[in-house]
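Each remark here refers to the structure printed beneath this line.
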Amino acid sequence: MTEKLFVYGTLMDSDIQKDVFGREISGVSDSLYGYRLGTVTFGNETFPAVRKISDSLSGDKNGRNSSGPLDGLNSEGSPADEMADNEVKGIVLTLSGEDFMNADIYEGEYYSRREVTLKSGTVAYLYEIEDVDYV
């Protein structure tokens with residue numbers, strides 16, 4: 001059985017796919033509306049992260065959310081900039097159950113998998129950053 005995964009960051013990279021899945025997986029371009037792409041930092045490393053617009057707008061004027069270090073999710077700018085930021089572009093991968101187990105391990109404890117509907121109407125999973133405090 002296979003299911004869809006919408007990826008928007010490191011899992012779009014063929015070398016990382018080879019490390020995680022043991023092979024390169026071609027995907028289909030798609031978009032996710034109502035979300036904003038930003039970054040989250042763990043230690044010395046920065047990773048892509050997405051948040052629902054309503055969640056990211058609850059942060060301060062610099063996009064820092066009180067529940068964690070979500071940088072770039074709410075940039076200052078005009079209302080037109082805000083509207084342009086409500087779409088995350090990525091690709092849809094078709095994965096097996098074993099692939100999802102490997103992706104869960106790769107994404108780690110700070111990301112959770114949830115189902116979303118993409119611009120195309122495709123229902124896919126998405127790894128979204130958890131609401132926890134980080135040190």
Side-chain angles (χ1 to χ4, degrees):
M1 185 167 112
T2 61
E3 295 193 68
K4 307 290 185 189
L5 175 66
F6 178 72
V7 296
Y8 52 86
T10 57
L11 283 174
M12 292 175 64
D13 183 273
S14 61
D15 289 333
I16 291 178
Q17 287 180 2
K18 289 174 190 172
D19 287 343
V20 174
F21 306 118
R23 68 193 186 291
E24 184 176 349
I25 302 172
S26 29
V28 177
S29 294
D30 213 330
S31 297
L32 178 62
Y33 284 113
Y35 283 75
R36 181 168 293 153
L37 179 63
T39 60
V40 64
T41 301
F42 302 111
N44 294 327
E45 294 188 73
T46 300
F47 300 96
V50 294
R51 263 309 161 109
K52 281 185 180 181
I53 295 290
S54 60
D55 292 344
S56 65
L57 291 177
S58 66
D60 70 16
K61 70 176 184 165
N62 295 314
R64 287 185 291 269
N65 188 300
S66 60
S67 64
L70 298 170
D71 302 323
L73 293 176
N74 187 12
S75 59
E76 292 184 44
S78 70
D81 291 337
E82 292 290 322
M83 292 304 292
D85 286 342
N86 74 352
E87 178 182 6
V88 175
K89 295 181 182 193
I91 59 173
V92 179
L93 305 177
T94 301
L95 302 179
S96 69
E98 182 179 342
D99 291 331
F100 268 107
M101 286 180 9
N102 292 332
D104 286 343
I105 292 167
Y106 173 75
E107 293 294 348
E109 65 183 314
Y110 298 114
Y111 290 84
S112 62
R113 199 172 358 131
R114 63 175 297 191
E115 221 173 58
V116 293
T117 301
L118 304 171
K119 179 181 178 182
S120 67
T122 299
V123 175
Y125 286 103
L126 162 79
Y127 284 100
E128 186 175 20
I129 197 72
E130 286 287 333
D131 276 334
V132 295
D133 290 328
Y134 303 104
V135 179

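Residues take their numbers from the sequence shown, with the count starting at 1. In what follows, every heavy atom counts, from backbone to side chain, and hydrogens, waters and symmetry copies are set aside.
Taking each heavy atom of Tyr125 and Glu3 in turn, the nearest pair found is CE1-OE1, 3.1 Å. When all heavy atoms of Pro48 and Gly9 are compared, the pair lying nearest together is CG-CA, 3.7 Å. Taking both residues in full, the closest heavy atoms of Val40 and Ala49 are given as CG1-CB, 4.1 Å, listed atom of the first, atom of the second, then distance. What you find for Val88 and Arg36 is that their closest heavy atoms are CG2-C, 3.8 Å.
The distance from the OG atom of Ser112 to the CD atom of Glu128 is 6.0 Å, given to the nearest 0.5 Å. Note: Ser31 OG to Lys89 NZ = 5.5 Å, rounded to the nearest 0.5 Å. The structure places CG of Leu32 at 10.5 Å from CG of Leu37, a figure rounded to the nearest 0.5 Å. Rounded to the nearest 0.5 angstrom, Phe100 CZ and Glu107 CD are separated by 11.0 Å. One distance of note links CG of Leu5 with CZ of Arg113; it measures 8.0 Å at 0.5 Å rounding. The CE atom of Met101 sits 12.5 Å away from the CG atom of Leu95 when rounded to the nearest 0.5 Å.
A centroid separation of 6.0 Å or more is found between the aromatic rings of Tyr111 and Phe47.
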TODO: Take Leu118 and Phe6 through the test side-chain contact (heavy atoms from CB on, under 4.5 Å) and record every step on the way to the result.
DONE: CA-CA 8 Å; Leu118 304 171; Phe6 178 72; 3.7 Å; yes
TODO: Step by step, work out the side-chain contact (heavy atoms from CB on, under 4.5 Å) result for Val50 and Ile129.
DONE: CA-CA 7 Å; Val50 294; Ile129 197 72; over 6 Å; no
- [ ] Report the C-alpha separation of Lys4 and Thr122 in whole Å, then their side-chain angles, then the decisive distance to 0.1 Å, and conclude whether the side-chain hydrogen bond (donor to acceptor under 3.5 Å, both in side chains) test is met.
- [x] CA-CA 8 Å; Lys4 307 290 185 189; Thr122 299; over 6 Å; no
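Under the ring-ring contact (aromatic ring centres under 6.0 Å, His included) criterion, Tyr33 pairs with no residue, sequence neighbours left out. Applying the side chain to side chain contact (heavy atoms under 4.5 Å, CB included) test to Met12 and every residue at least two apart in sequence or in another chain returns Val7, Ile91. Annotation: side-chain hydrogen bond (donor to acceptor under 3.5 Å, both in side chains) contacts of Asp30 (sequence neighbours excluded): Ser120. For Val123, the side chain to side chain contact (heavy atoms under 4.5 Å, CB included) test picks out Glu115, Thr117, with sequence neighbours left out.
Side-chain contact check for Thr41 and Thr46: at least one donor-acceptor pair (N or O, by modelled atom type) lies under 3.5 Å.
Put simply, the side chain of Tyr127 gets close to the backbone of Asp104: a donor and an acceptor are under 3.5 Å apart.
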Identify all side-chain donor-acceptor contacts of residues 16-25 below 3.5 Å with residues at least two apart in sequence or on another chain.
residue: Gln17; atom: OE1; partner: Ile25; partner atom: N; Å: 2.7
residue: Gln17; atom: NE2; partner: Leu11; partner atom: O; Å: 2.8
residue: Gln17; atom: NE2; partner: Ile25; partner atom: O; Å: 3.4
residue: Arg23; atom: NH1; partner: Phe21; partner atom: O; Å: 3.3
residue: Arg23; atom: NH1; partner: Asp99; partner atom: OD1; Å: 3.1
residue: Arg23; atom: NH2; partner: Asp99; partner atom: OD2; Å: 2.7

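The side chain to side chain donor-acceptor pair (under 3.5 Å) analysis of residues 6-15, with sequence neighbours excluded, yields the pairs Thr10-Tyr106.
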